[in-house]
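What follows is a short report on a single structure.
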Amino acid sequence: MSRPTPPPIADALIGWFADAARPLPWRAADVSPWAVLVSEIMLQQTQVARVVPRWEAWIERWPTPAALAAEPPSEAVRAWDRLGYPRRALWLHRAATEIVERHGGEVPHDLDALLALQGIGPYTARAIAAFAFGLRHPVVDTNTRRVLARAVGGQGEPGPPSTARDLAAMETLLPDDPASARLVNAATMELGATVCAARTPRCGECPIAEACAWRRAGYPPYEGPRRAAQARFAGSDRQVRGLVMREMRAVHRPITRAELAPVCDDAAQLGRAIEGLTADGLVIGDASGYRLPER
DNA sequence: TATACGTGGTA
DNA sequence: TTACCAAGTAT
């Protein structure tokens with residue numbers, strides 16, 4: 001079942017990407033699969049500009065999975081700093097350990113092996129397989145979903161995500177040649193990030209405007225179901241968790257509940273935060289107090 | 001499938 | 001200022 005010719009959209013994307021690709025450090029030719037893996041986990045729900053410095057420091061300090069696995073998780077959490085979703089620091093440490101234990105310290109190529117690693121889901125596994133190893137897999141992130149919704153689906157915004165549907169949609173755009181497919185994956189993400197943006201698309205600069213179904217339809221407004229609005233951050237449990245973590249990173253000794261009290265007026269909310277962080281393994285509590293995980 | 005999960009940039 | 005958005009994953 002081979003498809004006919006590669007879609008013209010693919011060629012247009014590849015041509016555009018050759019010029020327009022941002023020189024992101026993890027795109028350099030000599031970057032290791034581990035460094036790509038680290039970048040992908042850091043980039044989950046996190047803007048490029050905030051990731052770059054943390055990634056540089058991380059790779060310098062832990063150039064291999066073994067180097068990270070040799071240190072306690074607490075150090076990973078501290079190095080994560082304020083990137084957000086600190087569970088990812090734990091996941092990355094766990095994944096490094098799993099890579100050492102199950103794969104001899106080498107990041108696996110195989111999609112199922114990648115998927116089995118902690119913190120690596122459908123997007124990240126394919127991103128690593130495609131970008132680090134050049135394997136031919138569809139890679140679908142939030143940018144890709146938006147480009148597909150507009151250019152192919154004729155809708156202003158993507159509908160509710162469905163991994164199976166999204167992957168199938170991207171598959172129809174991919175050339176057979178793995179190297180070209182890799183470029184189309186990267187170019188589609190880049191287009192969504194820099195041109196086909198969520199709030200202010202710059203259609204005048206779009207390399208596939210001629211082929212865009214949304215443009216052809218006259219840019220109809222999105223009618224489908226809306227994502228639930230993100231809960232307010234100020235005063236949220238999330239914010240309190242973040243404040244607790246900030247203390248935990250700074251204090252290199254067990255800290256008592258009383259010492260944590262200043263981070264939040266609401267004792268019940270502070271309790272929820274500490275309990276949640278403990279359940280997540282980000283905080284360990286014992287008779288001496290609370291601390292970051294040393295093991 | 002819906003929800004929780006950090007933090008900061010941008011309009 | 002508020003509201004939306006951000007290279008998602010686990011449960």
Side-chain angles (χ1 to χ4, degrees), chain A residues 21-22 24-27 35-55 77 80-92 94-95 114-132 138-147 156-167 170 185-194 196-202 222 225-249 263 272-273 275-283:
Chain A
R22 294 166 292 174
L24 305 179
W26 42 86
R27 287 178 175 164
V36 171
L37 185 157
V38 171
S39 78
E40 292 297 348
I41 291 189
M42 287 186 168
L43 285 162
Q44 291 168 2
Q45 296 286 285
T46 308
Q47 301 91 330
V48 165
R50 296 174 55 209
V51 166
V52 172
R54 287 295 105 217
W55 181 84
V77 172
W80 197 258
D81 197 34
R82 294 202 280 174
L83 250 196
Y85 293 140
R87 289 189 288 195
R88 292 182 294 168
L90 235 36
W91 292 345
L92 193 42
R94 179 100 52 92
L114 287 165
L115 248 6
L117 297 173
Q118 182 65 43
I120 294 187
Y123 162 75
T124 306
R126 287 175 177 79
I128 294 166
F131 301 142
V139 180
V140 178
D141 77 335
T142 187
N143 298 120
T144 300
R145 281 170 37 72
R146 186 172 51 252
V147 171
E157 298 176 30
S162 152
T163 300
R165 271 202 308 277
D166 296 341
L167 292 175
M170 188 59 190
N185 279 316
T188 307
M189 289 173 62
E190 186 79 349
L191 186 71
T194 62
C196 193
R199 278 191 281 189
T200 52
R202 305 156 62 154
Y222 179 69
R226 289 249 156 227
R227 272 196 300 273
Q230 206 172 60
R232 175 184 212 81
F233 182 65
S236 67
D237 286 5
R238 270 186 191 182
Q239 183 181 36
V240 175
R241 284 172 56 111
L243 293 171
V244 170
M245 286 307 294
R246 198 182 294 206
E247 288 303 306
M248 301 300 300
R249 288 192 303 265
V263 310
R272 283 199 302 279
E275 229 174 288
L277 290 167
T278 303
D280 289 345
L282 281 164
V283 169

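Keep in mind that the numbers below use all heavy atoms, side chains included, and drop hydrogens, waters and symmetry copies. Chain A is the first sequence line, chain B the second, and so forth, proteins listed ahead of strands; every chain is numbered from 1. Computed from a predicted structure; not experimentally measured.
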| message | Using a 4.0 Å heavy-atom cut-off, does A/R146 contact any base of the nucleic acid, only the sugar-phosphate backbone, or nothing at all? | response | sugar-phosphate
| said: Rounded to whole Å, how long is the line connecting atom CG of A/D81 with atom P of B/dT7? | reply: 9 Å
| So, is A/R87 near the phosphate of B/dA4, with a side-chain N or O under 4.0 Å from OP1 or OP2? | no
| task | Report yes or no: do A/R88 and A/T46 form a side-chain donor-acceptor pair below 3.5 Å? | result | yes
| field | Any N/O donor-acceptor pair, A/Q230 side-chain to B/dA4 base, under 3.5 Å | value | no
| query | Roughly, in whole Å, what's the span from CG in A/D280 to C1' in B/dG6? | reply | 12 Å
| field | C1' spacing across the pair B/dT1 / C/dG8, given as an integer number of angstrom | value | 16 Å
| request: Ignoring backbone atoms, establish whether A/R88 has a side-chain N or O less than 4.0 Å from OP1 or OP2 of C/dT9. | output: no
| Most 5' of A/R246 and A/T200 on DNA chain B, judged by nearest nucleotide | A/R246
| request: Find the distance A/R145:CZ to C/dA6:C1' and express it as a whole number of Å. | output: 13 Å
| note | Side-chain atoms of A/A229 come closest, of C/dA6, C/dG8, C/dC4, to C/dC4
| field | Electrostatic pair A/E40:A/R126 at N-O distance under 4.0 angstrom | value | no
| request: Answer yes or no: are there more than 12 heavy-atom neighbours, outside A/R227 itself, under 6.0 Å from its atom CZ? | output: no
| With sugar-phosphate meaning primed atoms plus P, OP1 and OP2, does A/T142 contact a base, only sugar-phosphate, or nothing at under 4.0 Å between heavy atoms? | sugar-phosphate
| field | Integer angstrom distance from the P of B/dG9 to that of C/dT9 | value | 24 Å
| said: If I take atom CD in residue A/Q44 and atom P in nucleotide C/dC5, what distance separates them, rounded to the nearest angstrom? | reply: 20 Å
| said: Over all strands shown, is A/T124 touching base, sugar-phosphate only, or nothing at heavy-atom distances under 4.0 angstrom? | reply: sugar-phosphate
| request: Under 4.0 Å between any heavy atoms, over every strand shown, what does A/R82 touch: base, sugar-phosphate, or nothing? Just pick one. | output: sugar-phosphate
| field | Pairwise P distance, C/dA7 and B/dA2 [rounded to whole Å] | value | 23 Å
| Check ion pair A/E157-A/R146 (N to O, under 4.0 angstrom) | no
| remark: Comparing nearest nucleotides in DNA chain C, the 5'-proximal residue of the pair A/L115, A/E190 is A/E190
| Does a donor on one side chain sit under 3.5 Å from an acceptor on the other, for A/D166 and A/T163? | no
| Atom CG of A/L167 and atom C1' of C/dG8: how far apart are they, to the nearest Å? | 13 Å
| said: I'd like to know if A/T46 reaches the base of B/dG8 with its side chain, counting only an N/O donor and acceptor under 3.5 Å. | reply: no
| message | Considering every strand and a 4.0 Å limit on heavy-atom distances, what is the contact class for A/L24: base, sugar-phosphate, or nothing? | response | base
| Rounding to a whole Å, what distance do you find between A/E40:CD and C/dA6:C1'? | 14 Å
| remark: On a heavy-atom basis, the closest approach of A/R22 and A/A193 is NH2-CB, 3.8 Å
| Taking the side chain of A/W91 as its heavy atoms from C-beta onward, which of C/dA7, C/dT2, C/dA10 lies nearest to it? | C/dA10
| message | Considering every strand and a 4.0 Å limit on heavy-atom distances, what is the contact class for A/P86: base, sugar-phosphate, or nothing? | response | sugar-phosphate
| task | Looking only at side-chain atoms of A/Q47, point me to the closest of C/dA6, C/dT9, C/dA7. | result | C/dA6
| task | Send over the distance from A/R272 CZ to B/dA4 P, rounded to a whole Å. | result | 12 Å
| query | OP1 or OP2 of C/dG8 sitting under 4.0 Å from any side-chain N/O of A/Q45? | reply | yes
| Considering only C/dA7, C/dA10, C/dA3, which nucleotide approaches the side chain of A/R199 most closely? | C/dA3
| note | Note: for A/A228 and A/G242 on DNA chain B, the residue whose nearest nucleotide lies more 5' is A/A228
| remark: Closest of B/dG9, C/dA10, B/dG6 to the A/Y85 side chain is B/dG6
| query | Under 6.0 Å from the CZ atom of A/R94, do we count more than 12 heavy atoms belonging to anything else shown? | reply | no
| task | Report which part of the nucleic acid A/W55 touches: base, sugar-phosphate, or nothing (heavy-atom distance under 4.0 Å, all strands). | result | nothing
| request: Rounded to whole angstrom, note down the C1' distance from B/dG6 over to C/dC5. | output: 14 Å
| task | Determine the contact category for A/G121: base if any of its heavy atoms lies under 4.0 Å from a base atom, sugar-phosphate if only primed atoms, P, OP1 or OP2 are that close, otherwise nothing. | result | sugar-phosphate
| message | Using a heavy-atom cut-off of 4.0 Å across all strands, would you classify A/P122 as base, sugar-phosphate, or nothing? | response | sugar-phosphate
| message | Classify A/A198 by what it touches in the nucleic acid, base, sugar-phosphate, or nothing, heavy-atom distance under 4.0 Å. | response | sugar-phosphate
| message | Using side-chain heavy atoms (C-beta onward) and a distance below 4.5 Å, is A/M245 in contact with A/V77? | response | yes
| Nearest-Å distance, CD1 (A/I120) to P (C/dG8)? | 14 Å
